[in-house]
K.L.:
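Here it is: the structure, laid out below.
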Number of protein chains: 2
Amino acid sequence: MPKRVDYDQRRREIGAALLRIADTRGLQAASMREVAAEAGVSLRLVQYYFRTKDELLLAGLGYLGEELSARVERHIPRPPTPRGMVTGTLTAVLPTDAEGRRLTRTYAAYYALALAEPKLAAQHGATYPDLLERFLANQIRSAQEAGDVDAAHDPATVAAGLLALTNGLGSSVLGGQRDGAAAQAILTYHLDGLFGGSRP
Amino acid sequence: MPKRVDYDQRRREIGAALLRIADTRGLQAASMREVAAEAGVSLRLVQYYFRTKDELLLAGLGYLGEELSARVERHIPRPPTPRGMVTGTLTAVLPTDAEGRRLTRTYAAYYALALAEPKLAAQHGATYPDLLERFLANQIRSAQEAGDVDAAHDPATVAAGLLALTNGLGSSVLGGQRDGAAAQAILTYHLDGLFGGSRP
DNA sequence: GTTTATTTGATACGAGCGTATCATCAAACC
DNA sequence: GGTTTGATGATACGCTCGTATCAAATAAAC
């Protein structure tokens with residue numbers, strides 16, 4: 001028998017190379033050969049672990065989702081207050097540091113591809129923002145019950161608005177319109193308006 | 001001499017074909033040959049009017065900008081009230097109808113390309129959102145002077161927030177998370193909060 | 001130490017890409 | 001009315017793409 005290799009880890013390494021290219025040069029530049037070079041392996045190896053390019057792209061999207069989830073969880077404060085949960089989650093999605101910029105850029109690349117290839121979105125895409133939005137809506141409901149947020153607000157509407165605002169701010173950062181700190185400030189400005197007098 | 005042809009109009013026709021492809025199949029699918037086929041002309045003709053593909057892509061971005069500007073102006077109400085100007089401008093950027101969906105999708109395709117090819121953004125990209133944002137900030141300042149908006153707000157921050165919110169909502173519509181009407185409703189909800197008791 | 005299942009390497013194929021070249025057409029001008 | 005010149009057509013080149021094919025190397029099992 002041959003030397004045994006951790007199949008999943010090898011796939012992750014190659015997937016990471018793909019995401020690195022998507023971040024720095026866009027998914028248009030992510031050919032099988034370029035991914036192989038970036039991962040430091042042969043083209044044949046990429047083909048061995050991913051039968052087709054579509055399979056590679058789909059797996060890459062999965063890994064990106066994992067990275068995003070991990071980052072969001074890492075940004076949830078201890079102990080978890082309602083405002084802290086909302087602020088942390090949204091800040092995680094914002095490109096405020098190198099990792100955030102990388103993830104936001106990579107996500108944008110996949111988003112554009114999914115617009116043209118709906119099968120990508122169908123398999124994995126639309127669920128993630130939906131989850132995030134529902135999570136936020138629940139947090140806002142909790143904050144209302146704790147008296148930190150005006151009960152007149154509709155949690156789902158507020159959550160959708162906050163997430164859209166954050167995504168839009170992220171786009172403007174990637175577009176060079178402002179830096180991460182400025183985006184963060186605008187987000188905080190809105191959160192201050194939402195959470196009456198309570199401090200995070 | 002040969003039959004004289006309206007050079008600019010021909011370029012516009014070919015550019016329109018490019019934008020149509022960018023909308024329906026993404027810019028990855030926009031090869032010179034595909035653009036020629038979509039425009040119903042020969043490959044040579046596309047090369048004649050645009051020496052290189054980069055030139056075609058850049059011109060297409062210019063035409064897209066013109067279409068966007070025209071749509072925004074068309075959405076400014078008569079007579080122009082402060083809230084009407086802000087609402088109209090933001091609604092124009094939202095994919096609430098077929099034209100809006102087309103423009104937002106095409107813009108998203110260019111945005112993703114510009115992330116990977118900064119020269120595109122350098123020539124044309126970052127100026128447009130900036131103009132929009134400054135325009136909005138001025139409108140909000142006017143609304144404050146008219147007493148329609150709380151003077152405690154910072155116009156630039158509010159304008160940036162509104163535009164980011166609108167862009168984020170547009171992304172969620174393209175992503176299939178909600179339809180144009182729902183996005184519009186969320187935007188209106190925020191505008192209601194901003195413009196105290198005044199009606200549009 | 002041979003065997004053998006698994007992992008890696010080298011290379012080829014057909015298609016599509018951007019671009020360039022050469023030829024042709026048709027209308028305006030002298 | 002031939003000549004010039006802008007507009008169009010047909011085709012080819014070199015390259016990269018995704019994918020497939022054919023070997024070779026490797027290390028656990030006996």
K.L.:
So, are A:D6 and A:R12 salt-bridged, with charged N and O less than 4.0 Å apart?
P.N.:
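No, no charged N to carboxylate O under 4.0 Å.
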K.L.:
Can you check nucleotides 12-17 of chain D for protein contacts, nitrogen or oxygen pairs under 3.5 Å, and list what you find?
P.N.:
from: D:dC17; atom 1: OP1; to: A:S31; atom 2: OG; distance (Å): 3.1

K.L.:
What is the minimum heavy-atom distance between A:R71 and A:A92, and which atoms define it?
P.N.:
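Scanning both residues completely, I find the closest heavy atoms to be NE-O, 2.7 Å.
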K.L.:
In whole angstrom, give the distance that lies between atom CZ of B:R10 and atom P of D:dG6.
P.N.:
16 Å
K.L.:
Taking CZ from B:R11 and P from D:dG6, how many angstroms apart are they, rounded to a whole number?
P.N.:
17 Å
K.L.:
I'd like a list of close polar pairs between nucleotides 21-24 of chain C and the protein, N/O only, cut-off under 3.5 Å.
P.N.:
from: C:dT21; atom 1: O4; to: B:R44; atom 2: NE; distance (Å): 3.3

K.L.:
What's the CD-P distance between B:Q28 and C:dG16, to the nearest Å?
P.N.:
17 Å
K.L.:
Nearest whole Å is fine: how far is D:dG18 P from A:L27 CG?
P.N.:
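From A:L27 CG to D:dG18 P: 12 Å.
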K.L.:
Categorize B:Y49 for me: base, sugar-phosphate, or nothing, with a 4.0 angstrom heavy-atom threshold over every strand shown.
P.N.:
sugar-phosphate
K.L.:
Report yes or no: do A:Q177 and B:D130 form a side-chain donor-acceptor pair below 3.5 Å?
P.N.:
yes
K.L.:
Take atom CD1 of B:I14 and atom C1' of D:dT8, then tell me their distance rounded to the nearest Å.
P.N.:
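Atom-to-atom, B:I14 to D:dT8, this comes out as 11 Å.
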K.L.:
Measuring to OP1 and OP2 of D:dG9, would you say a side-chain N or O of B:S42 lies under 4.0 angstrom away?
P.N.:
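B:S42 to D:dG9 OP1/OP2: side-chain N or O found under 4.0 Å.
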K.L.:
A:R51 has an atom CZ; how far is it from atom C1' of D:dT21, in whole Å?
P.N.:
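To the nearest whole Å, that distance equals 17 Å.
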K.L.:
Do B:E133 and A:R178 sit within salt-bridge range, that is, some charged N less than 4.0 Å from a carboxylate O?
P.N.:
yes
K.L.:
Below the 4.0 Å mark, does D:dT8 have OP1 or OP2 next to a side-chain nitrogen or oxygen of B:Y48?
P.N.:
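For B:Y48, the contact criterion (side-chain N or O under 4.0 Å from OP1 or OP2 of D:dT8) is not met.
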K.L.:
Between B:E99 and B:R74, is the salt bridge (charged side-chain N to carboxylate O under 4.0 Å, His left out) condition met? List the steps.
P.N.:
CA-CA 12 Å; B:E99 186 198 41; B:R74 217 177 307 123; 3.3 Å; yes
K.L.:
What I'd like to find out is whether the side chain of B:Y49 reaches to under 4.5 Å of the side chain of B:L56, using heavy atoms alone.
P.N.:
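No. Closest side-chain heavy atoms not under 4.5 Å.
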K.L.:
With side chain to side chain donor-acceptor pair (under 3.5 Å) as the rule and sequence neighbours excluded, what pairs involving residues 179-188 of chain B come up?
P.N.:
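Residue pairs passing side chain to side chain donor-acceptor pair (under 3.5 Å), neighbours aside: B:T91-B:Q184.
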K.L.:
If every non-hydrogen atom of B:Y111 is compared with every non-hydrogen atom of A:G175, which pair is closest and at what distance?
P.N.:
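Between these two residues, the closest heavy atoms are OH-N, 4.2 Å.
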K.L.:
What is the distance from CG of A:L56 to C1' of D:dT19, rounded to the nearest Å?
P.N.:
14 Å
K.L.:
Do the side chains of B:R11 and B:E55 get close enough for a salt bridge, i.e. N-O under 4.0 angstrom?
P.N.:
yes
